[in-house]
Every structure is written in structure tokens, then in C-alpha cells.
**Q** 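Once you've had a glance at the structure underneath, I'll fire off some questions.
In listed order, ligands and their atoms are each counted from 1.
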Amino acid sequence: MVVDIISAVPDLLNSPFSHSIMARAGDRNLLKVNVINLRTYGLGKHRQIDDYQYGGGAGMVMMAEPLDNCINDLKSQHDYDEVIFMTPDGELHNQKLANKLSLKDRIMVICGHYKGIDERIREHHVTMEISIGDYVLSGGELAAAVLVDSIGRLIPGVLNDESSALSDSFQDDLLAPPVYTRPADYKGWKVPEILLSGNDKLIEEWRMNESVKRTKERRPDLSEE
Ligand code: ADE
């Protein structure tokens, strides 16, 4: 899968894909993330990408022309399954959406800044608008990193243990059960006996019960759908 991210602050995206699971996805050629500097498409000597908003009001707006030129340039080179705009007024991101997007071949992700982007780009280019939560970030970059991380780890071969993505929280509308590692007794804090029993069936049942209990306690909304 290839993700092309358009950003006015590309340096913000240097680190998230260079470590751990995302770095491995890149090394294995399963996920390629390209960050395109919008400034390259900026207008005039100062490479302008933002301007005052019509009608007045505080805050700058990202101009249509640099974005349009950048998007058209990318579209002339590749086909895109989706052109996604990261925005707090978009569809709320969740595991189902991550699953769906992990099946795509190539997506474009646009990061907004300042007051937002000229609405005409949303009307004419954007196919999906995604929010990562009901709060406002200073730009779309961190949201894009969250989106791509949640998608990337679902691509087959990215995680070493294939089943570990399937047992993640939210995959069955259930939160994940508690996990423990050695030692079995740390300062008198004990690992539940059953996990030491070696009985796979009982362990599986225990985990399912814990998942259901935790989901009821913490996220009753998940089972109400
Ligand atoms: N840009 C600013 N805030 C955002 C959010 N909550 N989700 C996605 N993009 C954003």
C-alpha cells in the first residue's frame, strides 16, 4: 500500500513512520509513505500557500491553487482509491474504517492547517473526510500519522504475529483482555493462576470473559450498536 501525504509542515511526519512496526512495514515494502511538501507548489517568490478568508474573521485559509496543483500532479502520476482530508468535522475514525482502508492500494491524505482549506478543494477533490476525535489539533499531520499507523499495522505481513491484530481492542466491538508477562509474582502482585495453567481452552474462555467484562464496564456503548 502507498500513502501520499500532502503537508505544509512535512518535518512533523519524519518520525512517526521511522520506528518500530511502521519502519518494519516500510522495510518489507508493505507500506510506503511519501510526504509531499505543499510549499513546493506555493505561489510566487514566497511560495505562498495561505491567505485571508473571504468575509473576514481570524485565521488564514489554505489556498485552492497550490493544493489543486499538488493534487493534480499526484493524480497525473497515480490512481487513488481515496483522497482523504483530515479535519475535525469529518467522519469519526474507528477500527472498522481502519480495516476498510487497509485494503486499499493507494490513498492520498491532505493535512489542513490554520483555519482549514478552501472549501472548493473539498468539493472537487476530496472523497473522504476523517476526524480522529472530537478535539482540534493545530494541523492534520498528527491526525494523518494516527490514521496511517492504524491502517498500516493491519496490512498482512506487517505484524509478526498475524493473529495479534485480530485480538486487538475493537476488532469484535470488544476491548482487549488484560495481559501479563514474567515474573508470575512481582512484589506479591500475582498473575491470574489460569494463565499459568497451560490449558488453552480455559485460557481462551477466561480472556473472552475478561474482554466482555471490561467492555461492559468501560465502553457499554460498543455492544449497544
Ligand atoms: N485536524 C485538526 N484537528 C483534527 C482532528 N481532530 N482530526 C483530524 N484532523 C484534524
**Q** Whether the H125 and D68 side chains hold a donor-acceptor pair (N or O, under 3.5 Å, no angle test) is what I'd like checked.
**A** yes
**Q** What residue and atom, counting heavy atoms only, is the protein's closest point to atom 9 (N) of ligand 1, and at what distance?
**A** T87 N, 3.2 Å
**Q** Evaluate the side chain to side chain contact (heavy atoms under 4.5 Å, CB included) criterion for residues D149 and I21: first the C-alpha distance (whole Å), next the side-chain angles of each, then the deciding distance (0.1 Å), finally the verdict.
**A** CA-CA 9 Å; D149 187 296; I21 291 170; over 6 Å; no
**Q** May I ask you to check whether H93 and S150 show a side-chain donor-acceptor distance below 3.5 Å?
**A** yes
**Q** What's the shortest distance from atom 3 (N) of ligand 1 to any protein heavy atom, and which residue and atom give it?
**A** L137 N, 3.0 Å
**Q** Who's the nearest protein heavy-atom neighbour of atom 6 (N) of ligand 1, and how far?
**A** Y135 O, 2.8 Å
**Q** Could you find the nearest protein heavy atom to atom 7 (N) of ligand 1 and give me its residue, atom name and distance?
**A** I132 N, 3.0 Å
**Q** Nearest protein heavy-atom contact for atom 4 (C) of ligand 1: which residue, which atom, what distance?
**A** P88 CD, 3.6 Å
**Q** Between M62 and H113, what is the shortest heavy-atom contact and its length?
**A** SD-N, 3.1 Å
**Q** Tell me whether ligand 1 is touched by I130 - counting only heavy atoms on the residue side and a distance under 4.0 Å.
**A** yes
**Q** For a quick check under 3.5 Å, do Y80 and D4 share a side-chain donor-acceptor pair by atom type?
**A** yes
**Q** Hey, does G133 come in under 3.5 Å of ligand 1, counting only N/O atoms on both sides?
**A** yes
**Q** Decide whether N99 and Q171 meet the rule of one side-chain donor and one side-chain acceptor closer than 3.5 Å.
**A** yes
**Q** Are more than 12 heavy atoms from other residues, nucleotides or ligands located less than 6.0 Å from atom CG of D134?
**A** no
**Q** Is the closest heavy-atom distance from G112 to ligand 1 below 4.0 Å?
**A** no
**Q** Check each atom of ligand 1 against the heavy atoms of M86 and keep those under 4.0 Å away; list them by number with element.
**A** 8 (C), 9 (N)
